[in-house]
There are 2 protein chains.
Amino acid sequence: MVSRNRQESGKENLRQEIMDAARELFVAEGYASVSMRKIADKIGYSPTTIYLYFRDKSDLLHQICEQTFAHLAQNIKSIQQLSDNPLEKLRSGLREYVHFGLKNPSQYEIVFITPLPHQFESDFSESNGKVAFDTMRDVVTECVLDNLLKTKDVELISQTLWAGIHGITSILIKHEHFPFVERDKLIDNVIETLIAGTRA
Amino acid sequence: MVSRNRQESGKENLRQEIMDAARELFVAEGYASVSMRKIADKIGYSPTTIYLYFRDKSDLLHQICEQTFAHLAQNIKSIQQLSDNPLEKLRSGLREYVHFGLKNPSQYEIVFITPLPHQFESDFSESNGKVAFDTMRDVVTECVLDNLLKTKDVELISQTLWAGIHGITSILIKHEHFPFVERDKLIDNVIETLIAGTRA
DNA sequence: AAAATAAATTAACAGCGTTAAGTTATTTTG
DNA sequence: CAAAATAACTTAACGCTGTTAATTTATTTT
């Protein structure tokens, strides 16, 4: 079965090569502007080869998103571990969420903003985006246990915070032309407003 | 000049006819899935006729968005006039914004959520989007003048509040399957959290 | 070495946004 | 009232797009 392993690893290599090329192009030019032919050109294969590894264009993007969001969940966890203070953990997690979205706008767009084609109803509840959300909920629980927040409704607070950070992330991505105040100042203010409004 | 006026009003009628057909299709099937040919079919003209009234497909969408923005701005203004208390005006305005989005999810989606082509650069200073945002900023200014808020940076506060209400509106529209807590409770909590976090 | 299988390609389809040229209908002018 | 001018609209076409089916090339198994 050695030969079979070699074969499969070769397949996996090309699969990852396609994903890397596609991610670069999606980020640089936007999902809609990148054609399958462009991706194929970049890696020196014919366009139809991509269909041996991905069902269609949106599946390709979906797989890229899942990979990146697994990284996000890990990022948030790592950052939170740097502090012992539950409230500081919460703050750094929220900040990392927004930061991630702005660093990967195309991928954030597809997972949290644009609905995927109805062929596969792979929605938020099955994505790694939810894993990232769960890490935030865990920290909210810590805060509640320490009596740091105004209510003990962990779910209500978590969803409120998520709404807030999703809001700032998505409008910064979508409304590029809007005359925003200085970006980091706005992000800070959103996060501090959310935390202040949630505190005991 | 009577004949010329008749001619122009005919042109305006077809222009509005195109916009109505396009909005319906965009709402039902999404911007990307609707072709110029589909729109033309719906109104019984050839596809190229649309180009006599709109520069291109994104210009057509842009004009539709302007109409929706105007509608939203008027709604918020009307609701705010019902109260004298600045903080209550602010609260009712925020609530109306979310309410408008949930009552017109497809239109909200097109204007505020759906990712637009990169070339879609509009002059915000002359758009109705600015008009809608200004109605909220004016009430924030009232609150600041009454020393009700923690800072006097009207722009920063307004943009923070917009991020928050856009966040809850868009996730309620986009992630209908998500196990949210009771909807009105969540909306209330987001708005109260935002206001509490912004108050003096 | 032959057969089987996997991997990648070529050719093609139907549809897209958009432009240029041509046609029909309306209005203006002499 | 007819001719010229203009406005309104259509036809034909270009170069793209995502995707499928058939086919060729390369590798592995027998």
Side-chain angles (χ1 to χ4, degrees), chain A residues 1-19 21-23 25-26 28-64 106 110 114-120, chain B residues 1-19 21-23 25-26 28-64 110 114-121:
Chain A
M1 284 295 163
V2 176
S3 58
R4 184 152 180 256
N5 284 342
R6 240 200 321 266
Q7 178 192 122
E8 276 184 355
S9 102
K11 243 203 155 194
E12 274 313 303
N13 283 346
L14 180 49
R15 185 185 160 85
Q16 190 59 54
E17 209 180 325
I18 294 170
M19 288 176 75
R23 175 170 38 235
L25 288 171
F26 287 158
E29 306 175 22
Y31 174 71
S33 304
V34 175
S35 71
M36 298 299 260
R37 288 164 175 86
K38 244 189 235 173
I39 299 169
D41 274 0
K42 191 179 171 99
I43 57 173
Y45 283 83
S46 90
T48 51
T49 296
I50 300 173
Y51 289 87
L52 302 174
Y53 299 86
F54 302 93
R55 195 178 347 187
D56 53 31
K57 192 185 174 187
S58 67
D59 180 43
L60 171 54
L61 181 52
H62 176 68
Q63 302 301 330
I64 291 171
S106 303
I110 212 64
T114 306
L116 287 172
H118 295 305
Q119 19 182 322
F120 36 51
Chain B
M1 284 294 164
V2 176
S3 57
R4 186 155 175 252
N5 285 342
R6 243 203 314 269
Q7 179 191 121
E8 278 182 354
S9 103
K11 242 203 156 192
E12 275 312 303
N13 283 346
L14 181 48
R15 184 184 160 85
Q16 189 60 53
E17 210 180 324
I18 294 170
M19 287 177 76
R23 176 170 38 235
L25 288 172
F26 288 159
E29 307 175 23
Y31 174 73
S33 305
V34 175
S35 69
M36 298 297 261
R37 289 164 173 86
K38 245 188 233 174
I39 300 168
D41 273 0
K42 192 180 170 100
I43 58 172
Y45 283 83
S46 90
T48 50
T49 296
I50 300 174
Y51 289 86
L52 303 172
Y53 299 85
F54 303 92
R55 196 178 325 124
D56 52 32
K57 193 184 174 188
S58 69
D59 180 43
L60 172 53
L61 176 58
H62 175 68
Q63 302 302 330
I64 292 172
I110 288 174
T114 303
L116 302 177
H118 271 135
Q119 69 206 38
F120 196 83
E121 295 286 332

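What you see below is based on every heavy atom in this structure, not just the backbone, and it leaves out hydrogens, waters and symmetry mates. Proteins come first, then strands; the chains are lettered A, B, ... in the order of their sequence lines, and each starts at number 1.
Base contact: A:Y51 has a heavy atom under 4.0 Å from a base atom. Residue-level contact check: B:S46 touches the bases, meaning some heavy atom is under 4.0 Å from a base atom.
Between the CG atom of B:N13 and the P atom of D:dC9 there is a distance of 11 Å, given to the nearest Å. Between A:L14 atom CG and C:dA6 atom P there is a gap of 16 Å when expressed in whole angstrom units. A straight line from CZ of A:R55 to P of D:dG18 spans 17 Å, rounded to a whole angstrom. Rounded to whole Å, atom C1' of D:dT19 lies 21 Å from atom OH of A:Y45. When the P atom of C:dG15 is taken as reference, atom NZ of B:K57 falls 15 Å away, rounded to whole Å. Whole-Å rounding puts the B:E17 CD to D:dC9 P distance at 10 Å. Going from atom NZ of B:K38 over to atom P of C:dG17 covers 9 Å, rounded to whole Å. Atom pair A:I50:CD1 and D:dT20:P shows a separation of 13 Å (rounding to whole Å applied).
Relative to the side chain of B:L52, the nucleotides D:dT10, D:dT19, C:dA8 differ in distance, and D:dT10 lies closest. Considering only the side chain of A:M36, D:dG18 comes nearest among D:dC9, C:dA8, D:dG18. Between C:dA8, D:dT19, D:dT10, one nucleotide has an atom nearer to the side chain of A:D56 than all others, and that is D:dT19.
Counting only heavy atoms from C-beta outward, the side chains of A:L60 and A:Y31 never approach each other to under 4.5 Å. The closest side-chain heavy-atom distance from A:Y45 to A:I18 is not below 4.5 Å. Using a 4.5 Å heavy-atom cutoff, the side chains of B:I43 and B:T49 are not in contact.
Across every strand in view, D:dG15 sits in a pair with C:dC16 that passes the Watson-Crick or G-U test at under 3.5 angstrom.
If you check distances only, the side chain of B:T48 does reach the base of D:dT11 with a donor-acceptor pair under 3.5 Å. If you check distances only, the side chain of B:R37 does reach the base of C:dG17 with a donor-acceptor pair under 3.5 Å. A donor-acceptor contact under 3.5 Å is not formed by the side chain of A:T49 with the base of C:dT9.
Atom CE of residue B:M19 and atom CZ of residue B:F54 lie 5.0 Å apart, to the nearest 0.5 angstrom.
Using modelled atom types and a 3.5 Å distance limit, the side chains of B:E17 and B:N13 yield no donor-acceptor pair.
Applying the 4.0 Å criterion to OP1 and OP2 of C:dA8, one finds that A:Y53 has a side-chain N or O inside that range.
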